[in-house]
Amino acid sequence: MTSLECTRCGATHSPATLINLCTCGGILYPRYDLAGLRGKYDRNEVKDGPGTLWRYRRVLPVRDEANVISLGEGFTPMFPARRRGPFQPYTDLFIKDEGPNPTASFKARGMSPAISMAKELGAREVALPSAGNAGSAAAAYAAAAGLTAYVFMPDDTPALIVSECIAYGARVYLVKGLINVCGKLVAAGAKTRGWFDLSTLKEPYRVEGKKTMGYEVAEQLGWELPDWIFYPTGGGTGLVGMWKAFAEMEALGWIGRKRPRMVAVQATGCQPIVKAFGEGRSDSVLHENAHTVASGLRVPKALGDYLILQVLRESRGLAIAVTDEELLRAQREIAETQGILPCPEGGATWAALQKLVAQGTVKPTERIVLFNTGSGLKYPELLPREAPVLDPNDPKVLDAVV
């Protein structure tokens, strides 16, 4: 890593101290000496690395190996979809399953380098707003690093995730309001209490962990990128991170100029990116009264909205919203046909693909990657729970089995 570069004004900053945003308010990206690495960092080198995102160590920010906090995150499986049921027409469809990550979601990817860098640069306390999985990941990695984590969550966050954060020793506070309200409390505490703010894209290093999804998609597909990537988009760090990864890989000489068309998938009850994209805007407007059962999609205005919209347009991609009913149906279809229990956000990508195929926008014969960003087990309240109760003493007990 050579510097931190502002994605708005282009100003550069030193990576040697803790920092959040540029002075202009823009998001900072870590930059590397990719020209110097080209020809010296061969893509075949990564296959001998660890089975985690740290296999791409030379394009990740931590300088001192002793400061790397890893719980086994990344290098998650990517399965070719089994052609049965509604998946039958799809000949080259893959599901990238982030559920096997530590704390059962893709959020572990971002927290590994973010907490590692916070430790390396001297932070002692970190804080963030979270709709769920980012909070539990931050709590786990802070525990492993010996840091104190403050997690502010909407008061209707799934109870399991709240309990998970508490179990890791985080100081958890439930807030009357959505994640943007939680974010205001974190920002105030960062000023008055000295916490380091780990909010999505408000520090430079969570995106570095998320970008490794792009490296993995390329590696797992033999260094050929797909035609389409469908990504559930709340804060959007994964989507913009993958786009950053593709540029880095081209600069390293690992891939060519081909890029996938990126699809940002949101819920109809919270679709600021979809609306902004449709209106041709360069940023989004706060989505009032945001609501969806997919808590990871309930982000009424993303800090990185201008980057998300830029990626969608550069990739000739799309933004699309699906209803809660559609994403829950799609979640069941994936589970019943693929043996993967996705989170509702992951279900949203399958629902979106079906819509775009029905419209003729996407062909089922194209190479497509759907991202499931976490395990459906994190949302037990959304899963079916009723089953017949059998009396083993009833001589006709099996007559009730159909």
Side-chain angles (χ1 to χ4, degrees), residues 51 71-73 76-90 93-108 131-133 135-137 139-140 143 153-170 172 174 232 267 269 291-298 322-351 353-354 370-402:
L71 296 172
E73 59 290 325
T76 53
M78 188 159 68
F79 301 100
R82 293 169 172 83
R83 297 179 63 189
R84 55 173 67 110
F87 289 84
Q88 184 62 35
Y90 295 84
L93 173 63
F94 294 83
I95 299 173
K96 178 73 166 158
D97 186 14
E98 293 291 290
N101 272 304
T103 69
S105 90
F106 77 124
K107 297 292 187 178
N133 284 318
S136 58
M153 312 174 93
D155 60 359
D156 60 351
T157 297
L160 179 82
I161 298 177
V162 175
S163 298
E164 185 183 9
C165 294
I166 295 169
Y168 287 125
V172 179
L174 300 181
H291 61 279
T292 171
V293 296
S295 57
L297 299 181
R298 199 172 56 186
V322 298
T323 67
D324 280 0
E325 292 75 18
E326 288 170 332
L327 66 86
L328 289 174
R329 170 190 51 76
Q331 180 190 35
R332 291 192 300 272
E333 288 176 350
I334 294 172
E336 291 173 358
T337 63
Q338 306 301 315
I340 299 168
L341 182 55
C343 59
E345 296 85 355
T349 64
W350 169 229
L353 174 58
Q354 290 174 294
L370 303 179
F371 267 85
N372 170 45
T373 48
S375 171
L377 292 175
K378 301 295 288 283
Y379 302 83
E381 70 283 358
L382 299 180
L383 300 176
R385 286 170 285 180
E386 294 185 4
V389 177
L390 302 178
D391 180 358
N393 297 315
D394 183 346
K396 297 183 178 180
V397 61
L398 292 180
D399 291 346
V401 178
V402 296

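In what follows, residues are counted from 1 in the order of the sequence shown. Values reported hereafter were calculated over all heavy atoms of this structure, with side chains retained and with hydrogens, waters and symmetry mates removed.
Every side-chain hydrogen bond (donor to acceptor under 3.5 Å, both in side chains) that Glu326 has, sequence neighbours left out, goes to Thr323, Lys355. For Tyr168, there are no ring pair (Phe, Tyr, Trp, His ring centres under 6.0 Å) partners two or more places apart in sequence or in a different chain. Partners of Glu73 by salt bridge (Lys or Arg N to Asp or Glu O under 4.0 Å), not counting sequence neighbours: none found. In this structure, the side-chain hydrogen bond (donor to acceptor under 3.5 Å, both in side chains) partners of Thr76, at least two apart in sequence or on a different chain, are Lys96, Glu98, Arg109. Ala137 meets the side-chain contact (heavy atoms from CB on, under 4.5 Å) test with Thr103, Lys107, Met111; sequence neighbours excluded. Checked against salt bridge (Lys or Arg N to Asp or Glu O under 4.0 Å), Asp156 has the following partners two or more places apart in sequence or in another chain: Arg298. By the salt bridge (Lys or Arg N to Asp or Glu O under 4.0 Å) test, Arg329 pairs with Glu333, sequence neighbours left out. For Phe94, there are no ring pair (Phe, Tyr, Trp, His ring centres under 6.0 Å) partners two or more places apart in sequence or in a different chain.
Applying the salt bridge (Lys or Arg N to Asp or Glu O under 4.0 Å) test to residues at least two apart or on different chains, the pairs with a partner in residues 159-169 are Glu164-Lys378. A salt bridge (Lys or Arg N to Asp or Glu O under 4.0 Å) check over residues 76-85, counting only residues at least two apart or in different chains, returns nothing. A ring pair (Phe, Tyr, Trp, His ring centres under 6.0 Å) check over residues 370-395, counting only residues at least two apart or in different chains, returns the pairs Tyr231-Phe371.
Taking every heavy atom of both residues into account, Pro86 and Thr337 meet most closely at CD-CG2, 4.4 Å. Across all their heavy atoms, Pro232 and Thr349 have their closest contact at CD-CG2, 3.4 Å. Closest approach of Gly347 to Ile334, counting heavy atoms only: CA-CD1, 4.2 Å. Shortest non-hydrogen contact noted between Gly135 and Cys165 is C-SG, 3.4 Å. Here the closest heavy-atom approach between residue Leu327 and residue Ala294 is recorded as CD2-CB, 4.4 Å. Taking every heavy atom of both residues into account, Thr157 and Ala131 meet most closely at CG2-O, 3.7 Å.
Distance check: Thr373 OG1 to Phe106 CZ gives 5.0 Å after rounding to the nearest 0.5 Å. With rounding to the nearest 0.5 Å, the separation of CG in Asp97 from CD1 in Ile340 is 5.0 Å. To the nearest 0.5 Å, atoms CD (Glu336) and CG (Leu341) are separated by 10.5 Å.
Note: Trp350 and Tyr90 have perpendicular aromatic rings, judged against thresholds of 30 and 60 degrees for the angle between ring planes.
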Show me the side-chain donor-acceptor pairs of residues 383-402 shorter than 3.5 Å, one per line, residues at least two apart or across chains.
| unit_1 | atom_1 | unit_2 | atom_2 | d |
| --- | --- | --- | --- | --- |
| Asp391 | OD1 | Asn393 | N | 2.9 |
| Asp394 | OD1 | Lys396 | N | 2.9 |

How far apart are the C-alpha atoms of Phe87 and Gln338, what are their side-chain angles, what is the distance that settles it, and do they pass the side chain to side chain contact (heavy atoms under 4.5 Å, CB included) test?
-> CA-CA 9 Å; Phe87 289 84; Gln338 306 301 315; 3.5 Å; yes
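A donor-acceptor pair under 3.5 Å is formed between the side chain of Asn372 and the backbone N or O of Cys343.
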